[in-house]
Amino acid sequence: MLDTKKSQLLIEILQTDLLKWFEESKRDLPFRRTRNPYFIWISEIMAQQTQIDTLIPYYNRFIDNFPTVFSLALASIDEVIKAWEGLGYYSRARNLHQAARIIVTDYDGMMPATFSELIKLPGIGPYTGGAIASIAFNQKVSAVDGNVLRVISRYCNSCDDIGEATTKKRITRWIESILPDEVGAFNEGLMELGAMICTPKSPKCLSCPIRSGCQSNAAGTTGLIPIKTKKQKQRIKKMEVGIVKINGQLFFVRRPDTGLLSGMWSFPIAETAAGDGQDIKKKLEENFSELCKPIFIGTSRHVFSHIIWDMSVFIFDQDNRVCESTLNPYYISAQRESRSNPQVTFKALSQVDDLALPIAFSKLLALLT
DNA sequence: GAAGCGTGGTC
DNA sequence: TGACCAAGCTT
């Protein structure tokens, strides 16, 4: 880390030239056209582990649907999750909804204006709290994300592993010691620089506004810094998916409200060793008293952040059954359960869009046509 | 500290 | 293609 006294010139470059560059070059983003803390909050939650270009349409739709913290607090969790469909990390939506209700009940609908109050809310951690406090309320706190860790590591030519908490704390402290009055723009500028110029691969050093002070550029180490321990790769899980079709409708189950894809709808799915359809058939027999033979219709791989599902997909087409029957007892029992139990439902293909369905399953719909 | 938690883009 | 990565938080 740079010594604060010796490196006064380098610090001034970082402050002055970065702010100047940001003012001239910043992207025109919808959430940069407002100081509304609620809008800033929504954008920062969406930005967690998500590239800005990806979240923009979600952001516009979300504030259209939920223009105030009150409208978000009054909405149902299903509506909020549906608005989040496709963005991933769905606990963000649940926390957002919870936090909105807390803000309405405990804060009279006013966003807390300080870092220490903000990070009490679910889904708001050190980065997001710092971002909202500095950008929306001009509080002198840092907002250290992956971009900032990379930019500062390179600027100081630091060999510290940015995956380690101590490194993040050290960089946070250092930034807080050099924050200018325009703290929101400074924090955003560091991130913008990391996103547009000081990128992980092939950084555009020739266009960098603070190149003259960059120790990594001087040492020729921009390709080596930051140091980051690589994460272990995903385990592969072999899964069977069962698509039950009755009277032209498809059977869906709701996932638990914790864990992977929490609160989202899904086709019934089961871990399997054989992959011949028998494991998912057994599971489906909890809902259906009589089930036709599984017909294999294809495979699909879905990559999550920590696991991979290798899915074998089977259709149980009760409308074109191999076995003969005069009644549809399974339909009746399942339909009754779907009215009394919110964990399951039936939807025609044209109505599937009513449900919040993760990509892992929505992409399976292509196998049906 | 480490693991769980989505999806899309890039090279 | 696979490996890496993205404006992180929670447990």
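Below, chains carry the letters A, B, ... as their sequence lines are ordered, and counting in each starts from 1.
A donor-acceptor contact closer than 3.5 angstrom is absent between the side chains of N95(A) and R92(A). Q48(A) and T128(A) share a donor-acceptor pair across their side chains, judged by distance under 3.5 Å alone. Side chains of T167(A) and D160(A): a donor-acceptor N/O pair is absent below 3.5 angstrom, by distance only.
Comparing dG8(C), dA7(C), dA6(C) against the side chain of T128(A) picks out dG8(C) as the nearest. Closest to the Q51(A) side chain, of the nucleotides dG9(B), dG6(B), dA7(C), is dG9(B). Of all nucleotides listed (dA6(C), dG6(B), dT7(B)), dA6(C) comes nearest to the side chain of K228(A). Minimum atom distance to the side chain of L260(A) is reached by dC5(B), of the listed dG8(C), dC5(B), dA7(C). Closest approach to the I359(A) side chain among dG8(B), dA7(C), dA3(C) is made by dG8(B) (side chain taken as heavy atoms from C-beta onward). The side chain of R32(A) sits closest to dA7(C) out of dC5(C), dG4(B), dA7(C). Taking every side-chain heavy atom of L261(A) into account, dG6(B) is the closest of dG6(B), dT10(C), dG8(C).
Rounded to whole Å, the separation between the C1' atoms of dC9(C) and dG1(B) comes to 15 Å.
Between Y89(A) and dG4(B) there is no side-chain N or O to OP1 or OP2 distance below 4.0 Å. Of the side-chain N and O atoms in R150(A), one or more sit less than 4.0 angstrom from OP1 or OP2 of dA6(C). Dashed line: the shortest gap from a side-chain N or O of S91(A) to OP1 or OP2 of dC9(C) is not under 4.0 Å. The phosphate of dT7(B) has OP1 or OP2 within less than 4.0 Å of a side-chain N or O from H302(A). Contact check, Q48(A) against dG8(C): no side-chain N or O comes under 4.0 Å of OP1 or OP2.
At a threshold of 4.0 angstrom between heavy atoms, the contacts of I124(A) are confined to the sugar-phosphate backbone, with no base atom among them.
Between F361(A) and F252(A), the ring centre distance reaches or exceeds 6.0 Å.
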